[in-house]
Visitor: 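Before anything else, here's the structure in question.
Note: hydrogens, waters and symmetry copies are ignored here, and every other heavy atom, side chains too, is used.
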Amino acid sequence: MAHSLKWYVMTLLLLSSMTAMAGGSLQMTQAGHDTPLDQAVVEIMLPGQGALNTPQDHYEIVQRNAHFEPLVTVIPVGASVSFPNQDTTRHQVFSFSPPKVFSLDLYLKETPAPVAFETPGVEVLGCNIHDSMEAFIVISEAPFFAMTDKSGRISLDQLPPGRYPMRVWHPRLEDTHQQWWEGEVDTRIENRVALTLAATPAPSSEPSLLQQRFQRGLQHQEHP
C-alpha cells in the first residue's frame, strides 16, 4: 500500500512538472472577423533573458513577377538581407524608413551586396520602377520574436512560464507601418489577440501605362 501511495505521489509530481513546463500558444485574429491573421510579428520581452532566436546564416527577399517575396521578413539586429532579382526586368530597391535609408542601383541579374540593418524598427521597401511593389523587414532586438503562420499562431513552448510584456506588428495595422499593438502574454496558456486593421488597402499590382512602356523598352534592350 505504501509503495502504491509513493508511486501515486510521484506520478502526480511528474504530471504537475510536465504541466508547468508545457508551453502555451498565441493566436492572432482580425477584429470583427475572427479570422486567423498571418504575417503578424510578435516580440516578447523577457527580463534578464538573452536572445532565444537562432539567427539564420542568410536572409533574402526575392523580386519575382513584380512582387517582393516574402511580404514580411523578421530579422535580428545586425543581420543582412540580399535582394536577388528573378524577373526579366530591372528593379531598383529602396527604403526611406527610420532604421536605414538606402537605395540600390537599377539591376537585373547581378545581385548587389547584402544590406546590413543595425537599428531596430520596421523597414518599408519599395521599387522605384514599380509603384505597387512593397515589402517589410522587421528588425528586432527582443529576446524572442516570431511571425504567425497561416493559422495565425505562434508556439510559446521555448519560453519560461510566466506573464511578459508583448508587442505585435502587422503590415495592415496602420498606414505609417511604424506602430505596434502592446499588451501581455501568458506563456502557460493559449492566448488570443484580435487586431483592428486600419491601414489603407494595398494599391493595385497592375503596372501603370508608363511602367508598361518602360518594361517593354527594357525587354527590347535585353532581347533585340
Visitor: Got a second to check how far D38's CG is from R153's CZ, nearest 0.5 Å?
Guide: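 Answer for the CG-CZ pair, D38 versus R153, is 13.5 Å.
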Visitor: Transitively linked via ILVMFWY side-chain contacts under 4.5 Å: V77 with I137?
Guide: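 Result: yes, single cluster for both.
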Visitor: Which atoms form the tightest heavy-atom contact between A135 and P70, and what is the distance?
Guide: CB-O, 4.1 Å
Visitor: Hey, does the side chain of Q178 reach the backbone of V122 with a donor-acceptor pair shorter than 3.5 angstrom?
Guide: yes
Visitor: Taking T148 for its side chain and A40 for its backbone only, find out whether a donor-acceptor pair lies under 3.5 Å.
Guide: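 Flag set: sc T148 to bb A40 pair under 3.5 Å.
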Visitor: Would you say CZ of R172 has more than 12 non-hydrogen atoms from neighbouring residues, nucleotides or ligands within 6.0 angstrom?
Guide: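 No - once you tally the heavy atoms of other residues, nucleotides and ligands closer than 6.0 Å, there are 12 at most.
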Visitor: Begin from the C-alpha positions of V93 and I61 and carry the test side chain to side chain contact (heavy atoms under 4.5 Å, CB included) through to its verdict.
Guide: CA-CA 11 Å; V93 183; I61 298 174; over 6 Å; no
Visitor: Linking I/L/V/M/F/W/Y whenever any side-chain heavy atoms sit under 4.5 Å apart, do V42 and F145 land together?
Guide: no
Visitor: Any idea which heavy atoms bring E123 and F102 closest together, and the distance?
Guide: OE2-CE2, 3.7 Å
Visitor: Other residues, nucleotides and ligands only: do more than 12 of their heavy atoms fall within 6.0 Å of CG on D105?
Guide: no
Visitor: Do you know the tightest heavy-atom contact between P120 and P99?
Guide: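 Of all heavy-atom pairs spanning P120 and P99, the closest is O-CG, 4.1 Å.
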Visitor: So which atom in Y164 and which in P47 form the shortest heavy-atom distance, rounded to 0.1 Å?
Guide: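 Taking every non-hydrogen atom into account, CD2-CD, 4.0 Å.
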Visitor: Nearest 0.5 Å please: distance from the CD atom of E190 over to the CG atom of L156.
Guide: 10.0 Å
Visitor: Give me the atom names and distance for the closest heavy-atom approach of F68 to G126.
Guide: CZ-O, 3.8 Å
Visitor: Closer than 3.5 angstrom, by distance alone: can the side chain of K100 be matched with the main-chain N or O of A116 as a donor-acceptor pair?
Guide: yes
Visitor: Tell me whether the count of non-hydrogen atoms from other residues, nucleotides or ligands lying under 6.0 Å of CD in E141 goes above 12.
Guide: no
Visitor: Taking C-beta and beyond as the side chain, do L37 and L197 meet within less than 4.5 Å on heavy atoms?
Guide: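 They are in side-chain contact.
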Visitor: Do side-chain atoms of S97 reach the backbone of V124 as a donor and acceptor pair under 3.5 angstrom?
Guide: yes
Visitor: Which heavy atom in V168 sits nearest to a heavy atom in L195, and how many Å separate them?
Guide: CG1-CD1, 3.8 Å
Visitor: Pair L52, L46 - check side chain to side chain contact (heavy atoms under 4.5 Å, CB included), show working.
Guide: CA-CA 10 Å; L52 294 178; L46 305 164; 3.6 Å; yes
Visitor: Keeping D149 on the side-chain end and S151 on the backbone end, is there a donor-acceptor pair under 3.5 Å?
Guide: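 Here the side-chain-to-backbone pair exists.
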Visitor: Between I44 and L26, is there a shared hydrophobic cluster once you connect ILVMFWY residues whose side-chain heavy atoms come closer than 4.5 Å?
Guide: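 Result: yes, single cluster for both.
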Visitor: Would the distance check show the side chain of N85 and the main-chain N or O of L108 forming a donor-acceptor pair, the cut-off being under 3.5 Å?
Guide: yes
Visitor: Step by step, would you call N191 with D186 a side chain to side chain contact (heavy atoms under 4.5 Å, CB included)?
Guide: CA-CA 7 Å; N191 302 261; D186 190 330; 3.9 Å; yes
Visitor: Donor-acceptor check, side chain of W169 to backbone of H177, threshold 3.5 angstrom: yes or no?
Guide: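 It does hold such a pair.
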Visitor: Can you hop from L125 to F94 via hydrophobic side chains spaced under 4.5 Å?
Guide: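 They do not share one cluster, since no chain of ILVMFWY contacts under 4.5 Å joins L125 to F94.
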Visitor: Side-chain contact test, heavy atoms from C-beta onward, threshold under 4.5 Å: evaluate it for L104 versus V115 and give yes or no.
Guide: yes
Visitor: Taking P160's backbone N and O only, do any of them form a donor-acceptor pair with T187's side chain (distance below 3.5 Å, no angle check)?
Guide: yes
Visitor: Using a distance-only test with no angle check, is there a side-chain donor-acceptor pair under 3.5 angstrom linking E174 and T176?
Guide: yes
Visitor: Just verifying a value: how many Å separate L106 CG and H91 NE2, rounded to the nearest 0.5 Å?
Guide: 9.5 Å
Visitor: Could you check if a side-chain atom of H58 sits within less than 4.5 angstrom of a side-chain atom of Q56, using non-hydrogen atoms only?
Guide: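 No, too far: nothing below the 4.5 Å cut-off.
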Visitor: Examine distances only and state if a side-chain atom of Q63 and a backbone atom of F83 form a donor-acceptor pair shorter than 3.5 Å.
Guide: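 Indeed, once roles are kept as given, a pair shorter than 3.5 Å links the two residues.
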Visitor: Under a 3.5 Å cutoff, is there a donor and acceptor pairing between the side chains of T89 and D87?
Guide: no
Visitor: Just how far is it from atom CG of L71 to atom CD of E134, taken to the nearest 0.5 Å?
Guide: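 Between atom CG of L71 and atom CD of E134 there are 7.5 Å.
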Visitor: How many angstroms lie between atom OG1 of T73 and atom CE of M147, to the nearest 0.5 angstrom?
Guide: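 It is 6.5 Å, given to the nearest 0.5 Å.
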Visitor: Are F144 and V185 connected in a single hydrophobic cluster, I mean Ile/Leu/Val/Met/Phe/Trp/Tyr linked by side-chain heavy atoms less than 4.5 Å apart?
Guide: yes
Visitor: Using the ring pair (Phe, Tyr, Trp, His ring centres under 6.0 Å) criterion, which residues pair with Y107? Sequence neighbours excluded.
Guide: none
Visitor: Please determine whether the number of non-hydrogen atoms from other residues, nucleotides or ligands lying under 6.0 Å from atom NZ of K150 exceeds 12.
Guide: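 Atom NZ in K150 is not crowded, with 12 or fewer foreign heavy atoms closer than 6.0 Å.
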Visitor: If only atom types and distance count, is the side chain of N53 paired as donor or acceptor with the main-chain N or O of P55 below 3.5 Å?
Guide: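 Flag not set: sc N53 to bb P55 has no pair under 3.5 Å.
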Visitor: How long is the straight-line distance from CE of M166 back to CD of E182, given to the nearest 0.5 Å?
Guide: 10.0 Å
Visitor: Start with the C-alpha distance between Q39 and F136, add both sets of side-chain angles, then the distance that settles side chain to side chain contact (heavy atoms under 4.5 Å, CB included), and finish with yes or no.
Guide: CA-CA 10 Å; Q39 296 182 310; F136 307 90; over 6 Å; no
